[in-house]
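Below: the structure, in C-alpha coordinates.
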Amino acid sequence: MKKSNTTNSKPNHWLMKTEPDVFSIDDLANSPNQTTGWIGVRNYQARNYMRDQMRLGDRVLVYHSNANPSCVVGSATVTRTAYPDHTAWDTTSPYYDPKSSPDNPRWQMVDIQLETKFPTPQTLQMLREHPKLAEMVLLRKGMRLSIQPVTAVEYKFIFSIASRIA
DNA sequence: GCCAACGTTGGC
DNA sequence: GCCAACGTTGGC
(Lines give C-alpha, C1' and ligand atoms only; values in the text may rest on other atoms or scores of the structure.)
Protein backbone atom coordinates (compact mmCIF):
# COMPACT_ATOMS: atom_id res chain seq x y z
CA MET A 1 0.00 0.00 0.00
CA LYS A 2 1.27 3.39 -0.99
CA LYS A 3 1.89 5.82 1.81
CA SER A 4 -0.28 8.83 1.26
CA ASN A 5 -1.80 11.46 3.43
CA THR A 6 -4.85 11.62 1.21
CA THR A 7 -5.91 8.12 2.16
CA ASN A 8 -5.31 8.57 5.85
CA SER A 9 -8.70 8.73 7.51
CA LYS A 10 -7.44 10.12 10.80
CA PRO A 11 -8.35 13.79 11.08
CA ASN A 12 -5.84 16.50 11.72
CA HIS A 13 -6.45 19.12 14.36
CA TRP A 14 -6.12 22.85 13.94
CA LEU A 15 -6.64 26.17 15.62
CA MET A 16 -8.01 29.02 13.55
CA LYS A 17 -7.99 32.61 14.76
CA THR A 18 -10.64 35.17 14.09
CA GLU A 19 -11.23 38.62 15.48
CA PRO A 20 -14.74 38.59 17.00
CA ASP A 21 -15.30 42.18 15.88
CA VAL A 22 -14.88 40.94 12.32
CA PHE A 23 -16.31 37.41 12.45
CA SER A 24 -17.22 35.74 15.74
CA ILE A 25 -18.31 32.27 16.77
CA ASP A 26 -21.86 33.67 16.91
CA ASP A 27 -21.51 34.86 13.33
CA LEU A 28 -20.54 31.31 12.45
CA ALA A 29 -23.52 29.95 14.39
CA ASN A 30 -25.80 32.32 12.47
CA SER A 31 -24.33 31.49 9.07
CA PRO A 32 -26.33 29.38 6.60
CA ASN A 33 -25.88 25.75 7.62
CA GLN A 34 -23.57 27.11 10.34
CA THR A 35 -20.90 27.00 7.67
CA THR A 36 -18.56 29.68 6.36
CA GLY A 37 -15.76 30.10 3.89
CA TRP A 38 -12.63 31.07 5.81
CA ILE A 39 -11.79 34.14 3.73
CA GLY A 40 -8.99 36.58 4.28
CA VAL A 41 -5.98 34.41 5.11
CA ARG A 42 -3.02 36.37 3.73
CA ASN A 43 -0.08 34.55 5.19
CA TYR A 44 1.79 31.91 3.24
CA GLN A 45 2.35 29.48 6.07
CA ALA A 46 -1.30 29.57 7.07
CA ARG A 47 -2.33 29.17 3.43
CA ASN A 48 -0.01 26.23 2.99
CA TYR A 49 -1.53 24.43 5.96
CA MET A 50 -4.96 24.84 4.38
CA ARG A 51 -3.82 23.94 0.88
CA ASP A 52 -1.52 21.06 1.68
CA GLN A 53 -2.75 19.48 4.87
CA MET A 54 -6.37 20.23 5.64
CA ARG A 55 -8.74 17.43 4.84
CA LEU A 56 -12.45 16.85 5.06
CA GLY A 57 -13.46 16.17 8.63
CA ASP A 58 -10.43 17.80 10.21
CA ARG A 59 -11.23 19.25 13.61
CA VAL A 60 -10.81 22.94 14.30
CA LEU A 61 -10.65 24.98 17.49
CA VAL A 62 -12.04 28.45 16.87
CA TYR A 63 -10.09 31.17 18.67
CA HIS A 64 -11.08 34.78 19.27
CA SER A 65 -8.01 36.99 18.94
CA ASN A 66 -7.83 40.68 19.82
CA ALA A 67 -10.68 40.03 22.23
CA ASN A 68 -11.45 40.70 25.88
CA PRO A 69 -10.26 38.22 26.81
CA SER A 70 -8.84 36.28 23.91
CA CYS A 71 -10.02 32.68 24.10
CA VAL A 72 -10.88 29.40 22.43
CA VAL A 73 -14.62 29.68 21.95
CA GLY A 74 -15.74 26.67 19.98
CA SER A 75 -15.01 23.84 17.62
CA ALA A 76 -15.73 23.21 13.97
CA THR A 77 -15.03 20.73 11.22
CA VAL A 78 -13.63 21.18 7.73
CA THR A 79 -16.45 20.62 5.25
CA ARG A 80 -14.69 21.74 2.07
CA THR A 81 -11.00 21.51 1.29
CA ALA A 82 -8.93 24.38 -0.09
CA TYR A 83 -10.23 26.43 -3.01
CA PRO A 84 -9.37 29.92 -4.27
CA ASP A 85 -10.24 32.86 -2.03
CA HIS A 86 -12.26 35.10 -4.32
CA THR A 87 -12.03 38.10 -1.98
CA ALA A 88 -8.40 38.48 -3.11
CA TRP A 89 -9.51 39.80 -6.53
CA ASP A 90 -12.47 41.79 -5.25
CA THR A 91 -11.29 45.40 -5.25
CA THR A 92 -14.00 46.33 -2.75
CA SER A 93 -12.87 43.72 -0.23
CA PRO A 94 -10.61 44.54 2.69
CA TYR A 95 -8.76 41.38 1.71
CA TYR A 96 -8.06 42.56 -1.85
CA ASP A 97 -4.65 41.58 -3.17
CA PRO A 98 -3.74 42.96 -6.61
CA LYS A 99 -1.28 40.11 -7.11
CA SER A 100 -4.05 37.53 -7.05
CA SER A 101 -6.44 36.89 -9.94
CA PRO A 102 -9.02 34.27 -10.97
CA ASP A 103 -6.49 32.94 -13.50
CA ASN A 104 -3.72 32.81 -10.97
CA PRO A 105 -5.19 32.72 -7.47
CA ARG A 106 -2.67 33.28 -4.77
CA TRP A 107 -4.82 32.71 -1.70
CA GLN A 108 -6.95 29.80 -0.62
CA MET A 109 -9.81 29.22 1.76
CA VAL A 110 -11.60 26.24 3.25
CA ASP A 111 -15.14 25.87 4.54
CA ILE A 112 -15.75 25.06 8.16
CA GLN A 113 -18.98 24.14 9.93
CA LEU A 114 -19.68 24.86 13.56
CA GLU A 115 -19.61 21.85 15.81
CA THR A 116 -19.81 23.29 19.31
CA LYS A 117 -19.94 26.67 20.93
CA PHE A 118 -18.17 25.93 24.21
CA PRO A 119 -20.04 26.63 27.45
CA THR A 120 -16.72 27.53 29.09
CA PRO A 121 -14.42 29.37 26.68
CA GLN A 122 -10.77 28.91 27.55
CA THR A 123 -8.81 32.11 27.86
CA LEU A 124 -5.11 32.31 27.10
CA GLN A 125 -4.46 32.65 30.80
CA MET A 126 -6.45 29.48 31.56
CA LEU A 127 -4.68 27.55 28.81
CA ARG A 128 -1.29 28.55 30.19
CA GLU A 129 -2.13 26.92 33.52
CA HIS A 130 -2.12 23.39 32.10
CA PRO A 131 1.22 21.56 31.85
CA LYS A 132 -0.36 19.39 29.14
CA LEU A 133 -0.53 22.45 26.91
CA ALA A 134 2.97 23.73 27.63
CA GLU A 135 4.13 23.00 24.07
CA MET A 136 1.04 24.34 22.37
CA VAL A 137 1.86 26.53 19.36
CA LEU A 138 -0.65 29.18 20.42
CA LEU A 139 1.17 29.73 23.70
CA ARG A 140 4.61 30.23 22.21
CA LYS A 141 6.08 33.68 22.46
CA GLY A 142 5.60 35.81 19.40
CA MET A 143 3.32 33.27 17.71
CA ARG A 144 1.05 35.15 15.32
CA LEU A 145 0.15 32.42 12.87
CA SER A 146 -3.58 32.52 12.24
CA ILE A 147 -3.87 28.84 11.36
CA GLN A 148 -1.93 26.46 13.54
CA PRO A 149 -1.63 22.72 13.95
CA VAL A 150 -2.83 21.34 17.28
CA THR A 151 -2.00 17.86 18.55
CA ALA A 152 -4.82 15.37 19.10
CA VAL A 153 -4.01 15.37 22.80
CA GLU A 154 -4.18 19.16 23.02
CA TYR A 155 -7.39 19.24 21.04
CA LYS A 156 -9.14 16.62 23.14
CA PHE A 157 -8.01 18.18 26.38
CA ILE A 158 -9.20 21.66 25.46
CA PHE A 159 -12.45 20.30 24.06
CA SER A 160 -13.01 18.47 27.34
CA ILE A 161 -12.35 21.32 29.74
CA ALA A 162 -14.21 23.85 27.58
CA SER A 163 -17.24 21.56 27.45
CA ARG A 164 -17.63 21.50 31.21
CA ILE A 165 -20.25 23.75 32.65
CA ALA A 166 -18.48 26.11 35.00
C1' DG B 1 -2.46 52.94 22.68
C1' DC B 2 1.96 50.63 23.23
C1' DC B 3 5.18 47.82 21.38
C1' DA B 4 7.56 43.16 20.71
C1' DA B 5 7.83 39.94 17.39
C1' DC B 6 7.08 38.67 13.04
C1' DG B 7 6.41 38.85 7.80
C1' DT B 8 6.96 41.30 3.41
C1' DT B 9 8.97 44.45 0.20
C1' DG B 10 12.29 46.29 -2.63
C1' DG B 11 16.85 48.61 -3.44
C1' DC B 12 21.23 47.17 -4.17
C1' DG C 1 20.73 36.99 -1.68
C1' DC C 2 21.13 40.51 1.89
C1' DC C 3 18.92 43.35 4.93
C1' DA C 4 16.82 47.93 6.25
C1' DA C 5 12.52 49.82 6.24
C1' DC C 6 8.01 49.22 6.68
C1' DG C 7 3.56 46.93 7.77
C1' DT C 8 0.89 43.71 10.65
C1' DT C 9 -0.51 40.93 14.57
C1' DG C 10 -2.21 40.60 18.86
C1' DG C 11 -1.42 40.48 24.01
C1' DC C 12 -1.48 43.62 27.46
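Letters go in sequence order (proteins before strands), and every chain restarts at 1.
- For the helix from B/dG1-C/dC12 to B/dC12-C/dG1, the terminal axes (five pairs an end, C1' atoms, rotation from four pairs onto the next four) enclose an angle of 10°, given to 10 degrees.
- Listed by residue number, the members of residues 128-147 of chain A with any heavy atom below 4.0 angstrom from DNA chain B are A/Lys141, A/Gly142, A/Arg144.
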**Asked** Would A/Tyr44 and A/Trp107 count as a ring pair (Phe, Tyr, Trp, His ring centres under 6.0 Å) if you check the C-alpha gap in whole Å, the side-chain angles of each, and the deciding distance to 0.1 Å?
**Response** CA-CA 8 Å; A/Tyr44 290 105; A/Trp107 303 110; 4.8 Å; yes
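- Side-chain contact between A/Met109 and A/Val41 is absent, with no heavy-atom pair separated by less than 4.5 Å.
- Looking at A/Gln148 and A/Leu138, their side chains come closer than 4.5 Å, going by heavy atoms from C-beta outward.
- Protein chain A touches strand DNA chain B; the 5'-most and 3'-most nucleotides with an atom under 4.0 angstrom of its non-hydrogen atoms are B/dA5 to B/dT9.
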**Asked** side chain to side chain donor-acceptor pair (under 3.5 Å) between A/Tyr95 and A/Asp90: does it pass, once the steps are laid out?
**Response** CA-CA 8 Å; A/Tyr95 307 120; A/Asp90 174 0; over 6 Å; no
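- Contact check for A/Tyr63 versus A/Thr18: no side-chain heavy atoms found under the 4.5 Å cut-off.
- A/Ser70 has its side chain out of reach of A/His64: every pair of non-hydrogen atoms, C-beta onward, lies at least 4.5 Å apart.
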**Message:** Between A/Arg106 and A/Asp85, is the salt bridge (Lys or Arg N to Asp or Glu O under 4.0 Å) condition met? List the steps.
**Reply:** CA-CA 8 Å; A/Arg106 167 174 301 212; A/Asp85 181 345; over 6 Å; no
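- Inspection of the A/Thr87 and A/Arg42 side chains reveals an N or O donor paired with an N or O acceptor under 3.5 Å.
- In summary, the aromatic rings of A/Trp14 and A/Tyr49 are positioned with their centroids under 6.0 Å apart.
- A/Asp58 places none of its side-chain heavy atoms less than 4.5 Å from the side chain of A/Thr77.
- For the pair A/Asn66 and A/Asn43, nearest-nucleotide mapping onto DNA chain B gives the more 5' position to A/Asn66.
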